[in-house]
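Take a look at the structure set out below.
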Amino acid sequence: MKDKILLVDGHSILNRAFYGLPDLTNAEGLHTNAIYGFLTMLFKVMDEEKPDYLTVAFDVSAKTFRHEMFKEYKGTRKPMADELREQVPIMKEVLTAMGITIIEKEGLEADDILGTLSVKCESQDFDVVILSGDRDLLQLATKRVKIRIPKTSKGKTEVYTYYDEDVVAQYHVTPDEFIDVKALMGDSSDNIPGVPSIGEKTATKIIVEYKSIENAYAHIEELKPPRAANALKEHYDLATLSKELATIEKNGDFPFELSEAKLENIFTKEAYEWFQKLEFKNLFSKFEEEDKENSHDINLKVVEDKKKALEIFDAAKKVPLVGFALKENYGISLCYNEQTYVILGDYKDEVEKLFSSPTQIGAFQIKDISKELVIHTSSNLFDGIIAAYLMNPLKNDYTYKDVAREQLNLMLDEMEPQKDLGYEAYTAFHSQPILEANLKQSNMYELFTNLEMPLVLTLDRMEKAGVMVDAKELEEYGNELQKSISLLETDIYKEAGEEFNINSPKQLGVVLFENLGLPHGKKTKTGYSTAADVLEKLAKEFPIVDKILEYRQLTKLKSTYADGLAHFIGTDGRIHGKFHQTITATGRLSSTEPNLQNIPIRMELGRRIRKVFKAKEDYVFVDADYSQIELRILAVLSKDENLIKAYQDQSDIHRITASNVFNVPFDEVTPLQRRNAKAVNFGIVYGISSFGLSQDLSITRKEAETYIENYFKTYPGIKKFLDTQVEQAKENGYVTTLYHRRRPVPELSSSNYMQRSFGERVAMNAPIQGTAADIMKMAMNQVSDELEKQNLKSKLVLQVHDELLIETHKDEVQKVKEILVNHMEKVVDLSVPLEIDIHVGENWYEAK
DNA sequence: ATGGTCACG
DNA sequence: ACGTACGTGACCATT
């Protein structure tokens, strides 16, 4: 086997990765997508090529660099995106940390470095592979030098391979001739002028026939077409200059020690530290072998002796902090005083006593733990996952291993269960002080202690309670839907003239817009859009579209709700859904298995599903929802006098807004005006844009702009508040709620207009939505605690963002109503009153 | 796994 | 010249 060297065109691969991948940032707000893409590309090609040597070439001067970066950009010369610029030096550091040599030389472009190296290495009997995103490099291909060019289509990246013969096959010219083709046709983005009026077609034709520009000139009189011949004659200077520019230097002068490019282990400790910092979790597995060498052992004792176990528990109750972990049906682990114990067997009572002691318990996913035992108080609990979530709510989800890595710099692999349990307790113990300090520094320790940790137990109670669902009625409802679905199906097939899968947007698009020739609206990436708002425009004119919309509605109800909910009804006749505390970016809860926060209500047919959510015998549902909580919070946060006054006066807020915005007397506001004002109020909360509002109200953008302008004139404090949020987000990188919850907004530093606008809307919306979530969580804790404290039979069973549902014993209805009013309305004291609406009913349908 | 669609606040 | 209202989760078809 000959030795093989891989030469990488650094900037072109980085550039491709940057524009090919969605924006990624790490916790510090550093953009990382180009580096990530570069590395995955590099690993992929290294895997395929298995090179013995590797080196990466970069352009050195800012000028050539920029010029390289925007080859892709059809000659536009915007400055390099800041998000990319900041990644370049880091990329180089990462490569250096991996022990990979970087070559850059003043005055030489990366192309020239690669050209020179490829010739040099080939002459030393190497196989050469050049990885670049730039097709210009094809001129370097030979029988021993292959060019590899990544191409992304349909989300998949393939790396194409070109030896010299592949260039001939695809471009009809040899790699050398490829230079001349390029010189003739020119490349505006690459500053190669080319010969005017000669494009790719003509250029190729000329070079196929005459092999070079020089030879073409030698035969200029016979050259066809005449137009090209004339152009060549006229622009001889341009042609020779272009050729010079298009030719990659193969004799560059720069120092290069082949031995330094020899590949050793690139997954070094230093590289690992960079990967951590950049949060390239997917790539950690590459370091596995290093992990084992580096993983530091902990003092771990496995205890099976009962007497010894009890001693350990006793001691644990006397220390200030214990790290705790539990694995169902297996054992528990305790960590304190630099010692970790894994205790096998059933010690539920001992654990409960420990949890009731003054010792602080550090652990992860305490809600899961509390499914296995009874936890009476949250005052000594510290859930590291929740702490980590508060510090960065944008992360998908945390495991204890993420906390170990981020806070303790401890890389953990897959381990056997015993060890895993021990490391979890170890991590809980050692990360607690760090996380606590972080929370305090971010002004979120109170939010954590007074709101989030108590909520763990509140949610646990709610999940354990579950909600009763009548399986039989649900099935009947499903059958009824199925009947209508079948009828619609036949109708639709008849009108379409064929049978097809109506649920496939792809097939439906073909049937509607090609076979039936209906006018199509917007398109999606994959084809015609068949979204409801598009179809609704056609429904009036084409009956089949109306039927399809109805079909969609019914199948949605059937599959997601009728059939979907049935799967989750337990043996107790109740659904015990999960409520998640660490998912959303704004601080709201989320609900899964099933999602109980999106049960239909807006349409009557769907709303009927709520009839199967029933209170058990001798109980009723008491449902309380906040009235316009987000708008009230907007009044509070913005301190806008007019909005505050409107709420203090208990006015009809949408009507008063309409009166002000449309400049009509309060009593003469038309229903349409009120509806429009309501939409504006909503829009404000979402971070209004004239486009969004115009879509929502089916008005022109101009009109929407006028509405917004008038709105801000009416409520000047709101305008100021929203602007301040964006400003703060830009300055700090995050916005906060009234109770200090943070939402980072990395999008604001994007150079992409869309992303930046999104960041602005997020900055406006998150404090409002987040503060509402904070208040609701406080209220939930108080309501749940009060029900317990008064020893009531009634239980909190659902939360839907601004609504609480209490399964209430018939004798307790009055008490529960009082509790709801007292704790939901008075949970915080703000400059506007909070109000709730309360309804009582046998089922959820009646109680709303 | 991803995108389209649609249910909720 | 672009293409959006904010926050979620489930299902289906398609890759």
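The chains referred to below are lettered A, B, ... by the order of the sequence lines, with proteins before strands, and numbering in each begins at 1.
Among residues at least two apart or in separate chains, salt bridge (charged side-chain N to carboxylate O under 4.0 Å, His left out) pairs with a member in residues 738-749 of chain A are A:Glu452-A:Arg741, A:Arg741-A:Asp774. Among residue pairs with one or both ends in residues 481-492 of chain A, those qualifying as side chain to side chain donor-acceptor pair (under 3.5 Å) are A:Gln482-A:Ser486; sequence neighbours excluded. Screening residues 674-701 of chain A for salt bridge (charged side-chain N to carboxylate O under 4.0 Å, His left out), with sequence neighbours left out, gives A:Asp652-A:Arg674.
Residue A:Tyr753 and nucleotide C:dC2 are not classified as a stacked aromatic pair, given the requirement of ring centres less than 5.5 Å apart at an interplanar angle below 30°.
C:dG3 atom C1' lies 14 Å from atom CZ of A:Arg756, rounded to whole Å.
Donor-acceptor pairing under 3.5 Å, judged by distance alone, is present between the side chain of A:Ser689 and the base of C:dT4.
For A:Asn503, the side chain to side chain contact (heavy atoms under 4.5 Å, CB included) test picks out A:Asn501, A:Tyr551, A:Thr555, with sequence neighbours left out. For A:Ala566, the side chain to side chain contact (heavy atoms under 4.5 Å, CB included) test picks out A:Leu474, with sequence neighbours left out. Judged as a side-chain hydrogen bond (donor to acceptor under 3.5 Å, both in side chains), and not counting sequence neighbours, the contacts of A:Glu473 are A:Lys614. For A:Glu480, the side-chain hydrogen bond (donor to acceptor under 3.5 Å, both in side chains) test picks out A:Arg608, with sequence neighbours left out. Every residue two or more places apart in sequence or in another chain was checked for a side-chain hydrogen bond (donor to acceptor under 3.5 Å, both in side chains) with A:Tyr477, and none qualifies. Remark: A:Tyr734 pairs with no residue by the ring pair (Phe, Tyr, Trp, His ring centres under 6.0 Å) rule, at least two apart or across chains.
For C:dG7, neither phosphate oxygen OP1 nor OP2 lies less than 4.0 angstrom from any side-chain nitrogen or oxygen of A:Thr586. The phosphate of C:dG7 (OP1 or OP2) has a side-chain N or O of A:Arg743 nearer than 4.0 angstrom.
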Under 4.0 Å protein heavy-atom contacts per nucleotide of nucleotides 3-9 of chain B, with B for base, S for backbone only and - for none: -SSBBBB
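At a threshold of 4.0 angstrom between heavy atoms, the contacts of A:Phe758 are confined to the sugar-phosphate backbone, with no base atom among them.
Annotation: proximity of residues 475-486 of chain A to DNA chain C (heavy atom, distance under 4.0 Å) is found for no residue.
B:dC6 and C:dC2 have their P atoms separated by 26 Å, given to the nearest Å.
Annotated stems with DNA chain C as a participant read B:1-9 with C:6-14, given as range with range, by first number; only runs of 3 or more Watson-Crick or G-U pairs under 3.5 Å qualify.
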